[in-house]
2 protein chains.
Amino acid sequence: MRFAPLLLALGLTGSACAASSEAGKSETQASETHIPDAALTVAAQLREQALADGTGWRVVESLTTEIGPRLAGSEADARAVAWAQAKFKALGFDKVWLEPVTFPKWERRSESAAIVGKHPQPLTVTALGGSPAGTVEAEIVRFPDLAALEAAPEGSLGGKIAFVDYQMKAARDGSDYRNGGAIRSRGPSAAIRKGAIAFLMRSAGTDNHRVAHTGITRFDDGLTPVPAASLTIPDADQLARLLARGPVRVRLALDCGWDGEYTSQNVIGEITGREKPDEVVLIGAHLDSWDLGTGAIDDGAGIGITMAAGHLIGKLKHAPRRSIRVVAFANEEQGLHGGKAYAEKHIGAIGKHQIAAESDFGAGRIYAFNTGAPAHARKATEQIAQALAPLGIEYAPGQGGAGPDISPFAAKGLAWAWLAQDGSDYFHLHHNADDTLDKIDPQALAQNVAAYTVFAYLAAEADGDFGSALKADPAASE
Amino acid sequence: MRFAPLLLALGLTGSACAASSEAGKSETQASETHIPDAALTVAAQLREQALADGTGWRVVESLTTEIGPRLAGSEADARAVAWAQAKFKALGFDKVWLEPVTFPKWERRSESAAIVGKHPQPLTVTALGGSPAGTVEAEIVRFPDLAALEAAPEGSLGGKIAFVDYQMKAARDGSDYRNGGAIRSRGPSAAIRKGAIAFLMRSAGTDNHRVAHTGITRFDDGLTPVPAASLTIPDADQLARLLARGPVRVRLALDCGWDGEYTSQNVIGEITGREKPDEVVLIGAHLDSWDLGTGAIDDGAGIGITMAAGHLIGKLKHAPRRSIRVVAFANEEQGLHGGKAYAEKHIGAIGKHQIAAESDFGAGRIYAFNTGAPAHARKATEQIAQALAPLGIEYAPGQGGAGPDISPFAAKGLAWAWLAQDGSDYFHLHHNADDTLDKIDPQALAQNVAAYTVFAYLAAEADGDFGSALKADPAASE
């Protein structure tokens, strides 16, 4: 995942800041949006039913076991698309369809690193997504953080390898990814500007295991990319200890790189609404994962949570007023490709989108809820918050933002909801080989399913809207 | 490490069971061994001094950082020997010398595995030490434990890969290594007898990370070795889930094997005793490690603990009555080669060895103490136990055994002491890539140093012996 409030910090999208402000602000709505009592009664039943239901777990078990790692553009990408189609159908969704998403394809073939010289020993590394291939052997220059690298004199790293040695801190809201993610995104370009021939970083993670964290990086226009990789946290510790004793040379060998284009699919399942079938509440997650783990917490969990929520609503005797649309987005990891394609295709129907939420921050319990809806939908937001409260979820007015694949559309005026997951251990597992099914607590997952079910159902039942409307000039807020 | 009570279960030595019975039993000693009051006073001072001293930590930091992984017979083996010599000298040991240890050399070059067919995906594996090279692709047959594999009909695994899927349980005393270690030692031979062309096991470990646990295996005489490897615990989970869905084929490719002989060294440092310099209290640990981690808990910690204990005793104004001998054993991991060589060389001086203890179960706090000394030395054992009690260490009469490198000598009649470490998390890290310095708690390490310092000093000061004497017929107990 990458979450919207951080996208700007990561330099990955120019339009993300709009997503964290109140969306819409369509003051033209005269009446206040609210949720009928009958719907609140049904939601309370759905909530208890979801807590006792194992669908979310079974979905993520199936995806991570049968498909396993599913790097965008790999052979597993196509298998994952077929899996998602079949799973939507098996779960009783009324309509299931595909929407193509085309993107450049990046491949990882091999990677290794070692300290050479007086204290020779292997280092465990992984290439950052987007890194070119290359083999270099050079002296290491360590920087405690990105600012220190950026402050280095021009040309001072000529022929050397830059090493940014910043240790991310764990937090419930994952807030220090602001720093760790920025190093991954902007570090390689900064290093090149100073003359470096390769880039190494301490993994953007909070664990202490020998599993390196990957993730997309990018190179600024006009720069010649250099090999870029991350060290596991114990390996970064080791390198730092050796650097404290004197100069250290490292050999880094990466075989990876971009190789043409690939067309994957956003896979979409819909439960048809009974009164306004062309209006949709959108919930979703991303289907792709990095290749090192099996993408359980990033983002098999989100797929399980949102497919299960749609399924439980679909089993109701009476469908909700609006349709429930579940989107399994293609290639979030390498640049929100699925989310951007969805926004582009559906921009004309932005007003038909009641509200949207993405689950992409692991499988921890949800602890807070909010929407970006304008004043006329505050009451409905509060009603949903009340229905979520028995799940241990707090109403957090003024907080939150759109999930990553929602953010391109939210920047255009789509209303968003935020269901904040506890990410205290998210960066133990994020983008590394340890992201496997055993890390998911089935009961925490069921709490997520219950929350998404309640939210989606109530939003679909609301009298009135949450303010989705095309902004007159979205660029003005950028 | 491998600990003595389990050696028999592992089938790795035929003489280990003697080590867990009371050693010596030399009823010829008339007087009761005891420790003078003055020595107990000095020991109390040493204990407090050791708790506040950082030598043990600095030693393990130096070894794991500067040498890193040190597989027996690798180029790092020679660097580790030179390191240990230099460290003993720097720590003020009076005498430092080497004793050669020759053994077959095993190398790991590359290893990979993948599920092929309907659910293709990579598996994370590591070759077991002693495995031959080989590439096979075949169907998996799963067994829940070693007994189930051994009970399979002869020839029933023809052309297939045996997979023993036993999950070790964590315990303070590591007792379930009895099962995990036996699978690693005896599983491959059992699989070959049933016709298998390769052997896979769930790692003998208690973690949930993507780091496979290696360790030595052996093949029974007359069998043609087959590739043998362990899966990480999440990978074993994954394979088991897929097997529950139907037949699974795996491709396993190992490049590794035996390659000639190598001569390493037991590295020995001694603090000369003031009254009986030719009598020694032996403490030690093994200098080699597996190649996947940096051998911090197995057994850099033991090297740090015992070198620091010798150093602290060596700094006393008055040397102890007997000498303190610290042995950094060569190649414990592949068959107790250093321990066997020491016993063979020094068998004639067994009676000059007051008592011996090895630290080889990690860096957790010591919680229990005992010796294998006969009745005439029980009082001295109790006195040492009393001096250890302020460290939170219980006296555990009737329990314990010799450490692995001590066990060949103990089987001949050497008196042993047992300082039991808390190994609750030992098998999270044992023989895998996660065995790195960050896993050691410096304060727990200092508690170990304090215990070894107190024990070694008091044993060296005792009036009387602990019963070391060549057994009339050691074979009788085997």
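Throughout, a chain's letter reflects where its sequence line sits, starting with A, and its residues are numbered from 1. The figures that follow rest on heavy atoms only: side chains count, while hydrogens, waters and symmetry mates do not.
- A heavy-atom distance below 4.5 Å is found between the side chains of B/Lys439 and A/Asn208.
- Using a 4.5 Å cut-off between heavy atoms, B/Thr232 does not touch chain A at all.
- Among the candidates A/Leu292, A/Asp435, A/Asp434, the single residue satisfying the side-chain contact (heavy atoms from CB on, under 4.5 Å) test with B/Arg210 is A/Asp434.
- Residue contact with chain A, scored on non-hydrogen atoms closer than 4.5 Å, involves the backbone and the side chain of B/Leu242 alike.
- The contact between B/Glu75 and chain A is made entirely by side chain atoms (from C-beta outward), counting heavy-atom distances below 4.5 Å.
- Counting only distance, with no hydrogens or angles, the side chain of B/Gln121 and the backbone of A/Thr65 share a donor-acceptor pair below 3.5 Å.
- Other residues, nucleotides and ligands contribute at most 12 non-hydrogen atoms within 6.0 Å of the NZ atom of B/Lys118.
- Atom CD of B/Gln443 has 12 or fewer neighbouring heavy atoms from other residues, nucleotides or ligands inside a 6.0 Å radius.
- A/Arg79 places a side-chain N or O within donor-acceptor distance of the main-chain N or O of B/Pro120, the cut-off being under 3.5 Å.
- With contacts defined as side-chain heavy-atom distances shorter than 4.5 Å, the pair A/Ile67/B/His119 does not qualify.
- For A/Thr124, no part lies under 4.5 angstrom from a heavy atom of chain B.
- In this structure the side chain of B/Leu437 reaches within 4.5 angstrom of the side chain of A/Arg241, judged on heavy atoms.
- One finds the CG atom of B/Asp438 at 9.5 Å from the CD1 atom of A/Ile233 (value rounded to the nearest 0.5 Å).
- Remark: A/Glu66 engages B/Arg245 in a salt bridge, criterion side-chain N to carboxylate O under 4.0 Å.
- In this structure the side chain of B/Thr436 never reaches within 4.5 angstrom of the side chain of A/Gln238, judged on heavy atoms.
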